[in-house]
Trainee: 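Could you have a look at this structure, given as structure tokens, before my questions?
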Amino acid sequence: MPELPEVEVVRRGLERWVAGRTVTEVEVLHPRAVRRHPAGGADFAARLTGQRFEVARRRGKYLWLPLAESGTSVLGHLGMSGQLLVQPEGAADEKHLRIRIRFDDSAGTELRFVDQRTFGGLSLHDQTPAGLPDVIGHIARDPLDPEFDDAAFQSALRLRRTTVKRALLDQSLISGVGNIYADEALWRSRLHYDRPTATLTRPRSAELLGHIRDVMNAALAVGGTSFDSLYVNVNGESGYFDRSLDAYGREDEPCRRCGTPMRRRAWMNRSSYFCPRCQRPPRPTV
DNA sequence: AGGGTCACCTGTCGGC
DNA sequence: TGCCGACAGGTGACCC
């Protein structure tokens with residue numbers, strides 16, 4: 001569940017089903033799932049056992065479970081294919097089950113980290129005075145954070161010497177935006193992905209930020225975007241926002257504004273979807 | 001220093 | 001059928 005709305009859906013599930021529970025056993029079934037925990041899987045398991053989870057928090061695409069009275073937290077990132085699932089004890093292991101966490105209560109469920117491509121993982125970190133795991137200090141606030149500074153973001157965006165989609169995907173400038181919501185916000189803003197950030201006016205950058213927020217909130221309201229069973233909440237359920245996408249994945253389909261067939265362009269080892277009429281490419285600079 | 005490229009994985013899909 | 005390449009929602013180490 002990679003981008004902000006999908007991660008927030010997972011965070012809410014953890015808040016409901018995992019907060020307040022005490023860990024009795026941790027099984028690390030694949031070393032890559034704890035590769036961001038330098039001391040290794042055995043240390044991760046030993047240090048987590050006996051600890052009690054507090055309410056899950058999130059910044060951008062990272063989420064973490066603070067451990068009560070310890071000054072540490074379990075940090076999680078879902079990568080491209082990670083899932084955090086609350087499953088009945090005894091349910092058959094998923095094919096890509098990487099980490100299992102058991103609890104001391106009688107709720108009858110356990111927490112599982114399942115990840116096909118192993119780009120995601122869990123790790124244990126000290127918290128900074130601000131309450132953030134120390135290794136994500138470089139991650140900017142996300143646009144749904146009440147303390148996100150709109151004016152500062154707009155200024156920083158326009159000062160960058162890069163192109164607008166690159167900037168949106170830079171998690172140290174604004175976090176939580178990935179390939180889907182970048183394309184959606186750019187389509188709503190009528191901006192081409194290769195538009196130099198320096199050419200954005202203040203109103204255009206404000207409008208872009210507004211569209212990022214709007215599209216993320218709209219996705220969150222319907223449980224996020226799921227094209228397949230890889231992207232689900234902690235109960236294994238998909239979101240519905242794929243039906244509302246205007247740009248992402250719509251190659252050759254008519255633009256919902258002007259009817260022109262949408263295009264896909266290879267871009268940074270991935271794809272950008274855009275309307276060639278509504279989102280004109282920037283004039284080549286000399 | 002900051003921007004841009006590529007590797008890291010496993011799986012699916014479409015073309016031949 | 002099978003093989004092969006393209007592609008998939010992300011990140012950060014490493015270039016220049």
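So that the names make sense, note that chain A is the first sequence line, chain B the second, and so on, each numbered from 1. For clarity, every value in this text was computed on a predicted model and none was experimentally measured.
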Trainee: List in numerical order all residues of residues 173-187 of chain A for which some heavy atom is under 4.0 Å away from an atom belonging to DNA chain B.
Mentor: none
Trainee: In whole Å, I'd like the distance from the CE atom of A/Met80 to the P atom of C/dT11.
Mentor: 10 Å
Trainee: What does the B/S/- profile of nucleotides 7-16 of chain B look like, 5' to 3', with a 4.0 Å heavy-atom cutoff to protein?
Mentor: -BBBS-----
Trainee: Scan A/Arg264 against the nucleic acid and name what it touches under 4.0 Å (heavy atoms): base, sugar-phosphate only, or nothing.
Mentor: sugar-phosphate
Trainee: Can you sort out which residues in residues 240-255 of chain A have a heavy atom within less than 4.0 Å of DNA chain C? Ascending by number, please.
Mentor: A/Tyr248
Trainee: Looking only at side-chain N and O atoms, does A/Arg160 come under 4.0 Å of OP1 or OP2 in B/dA1?
Mentor: no
Trainee: Determine which pairs satisfy ring pair (Phe, Tyr, Trp, His ring centres under 6.0 Å) with at least one residue from residues 10-38 of chain A, sequence neighbours left out, and list them in order.
Mentor: A/His37-A/Phe44
Trainee: Ring pair (Phe, Tyr, Trp, His ring centres under 6.0 Å): which pairs involve residues 131-169 of chain A, sequence neighbours left out?
Mentor: A/Phe148-A/Phe153
Trainee: Polar-atom pairs under 3.5 Å, protein N or O versus N or O of nucleotides 12-16 of chain C: list them with distances, or write none.
Mentor:
residue : atom : partner  : partner atom : Å
C/dG12  : OP1  : A/Arg36  : NH1          : 3.3
C/dG12  : OP1  : A/Arg36  : NH2          : 3.4
C/dG12  : OP1  : A/Tyr62  : OH           : 2.8
C/dG12  : OP2  : A/His138 : NE2          : 3.4

Trainee: Atom OH of A/Tyr273 and atom P of C/dG9: how far apart are they, to the nearest Å?
Mentor: 7 Å
Trainee: Measure CZ/A/Arg265 against P/C/dA6 and give the value in whole Å, please.
Mentor: 18 Å
Trainee: Who passes salt bridge (Lys or Arg N to Asp or Glu O under 4.0 Å) against A/Asp105, sequence neighbours left out?
Mentor: A/Arg21
Trainee: Output every pair passing salt bridge (Lys or Arg N to Asp or Glu O under 4.0 Å) with a member in residues 190-201 of chain A, not counting sequence neighbours, ordered by first then second residue.
Mentor: none
Trainee: Under the rule for ring pair (Phe, Tyr, Trp, His ring centres under 6.0 Å), what residues qualify as partners of A/Phe274, not counting sequence neighbours?
Mentor: A/His192, A/Tyr193
Trainee: From CG of A/Asp228 over to P of C/dA8, roughly how many Å is that when rounded to an integer?
Mentor: 13 Å
Trainee: OP1 or OP2 of B/dG4 sitting under 4.0 Å from any side-chain N/O of A/Thr162?
Mentor: yes
Trainee: Could you check whether A/Arg256 makes a cation-pi contact with A/Trp187, meaning its NZ or CZ is under 6.0 Å from the centre of the six-membered ring and within 45° of the ring axis?
Mentor: no
Trainee: Can you tell me if the side-chain N/O atoms of A/Arg270 get under 4.0 Å from OP1 or OP2 in C/dA6?
Mentor: no
Trainee: Got a sec, which pairs hit salt bridge (Lys or Arg N to Asp or Glu O under 4.0 Å) with one end in residues 212-223 of chain A, sequence neighbours left out?
Mentor: A/Asp150-A/Arg213
Trainee: How many whole angstroms separate atom CG of A/Leu230 from atom C1' of C/dC7?
Mentor: 14 Å
Trainee: Using whole Å, report how far CG of A/Leu220 lies from P of C/dG9.
Mentor: 20 Å
Trainee: For C/dG9, does either OP1 or OP2 sit under 4.0 Å from a side-chain N or O belonging to A/Lys61?
Mentor: no
Trainee: Does any pair with a residue in residues 68-96 of chain A pass salt bridge (Lys or Arg N to Asp or Glu O under 4.0 Å), and if so which ones, sequence neighbours excluded?
Mentor: A/Asp93-A/Arg100, A/Glu94-A/Arg112
Trainee: Atom CH2 of A/Trp267 to atom P of C/dG10: distance rounded to whole Å?
Mentor: 11 Å
Trainee: Between A/Gln171 (CD) and B/dG4 (C1'), how many Å, whole number?
Mentor: 16 Å
Trainee: Going by atom types alone, do A/Ser81 and A/Asp115 pair a side-chain donor with an acceptor below 3.5 Å?
Mentor: yes
Trainee: Could you spell out the base pairing of DNA chain C as a dot-bracket line? Use Watson-Crick and G-U wobble contacts where both distances are under 3.5 Å, [ ] for crossing pairs, | for partners on a different strand.
Mentor: .|||||||.|||||||
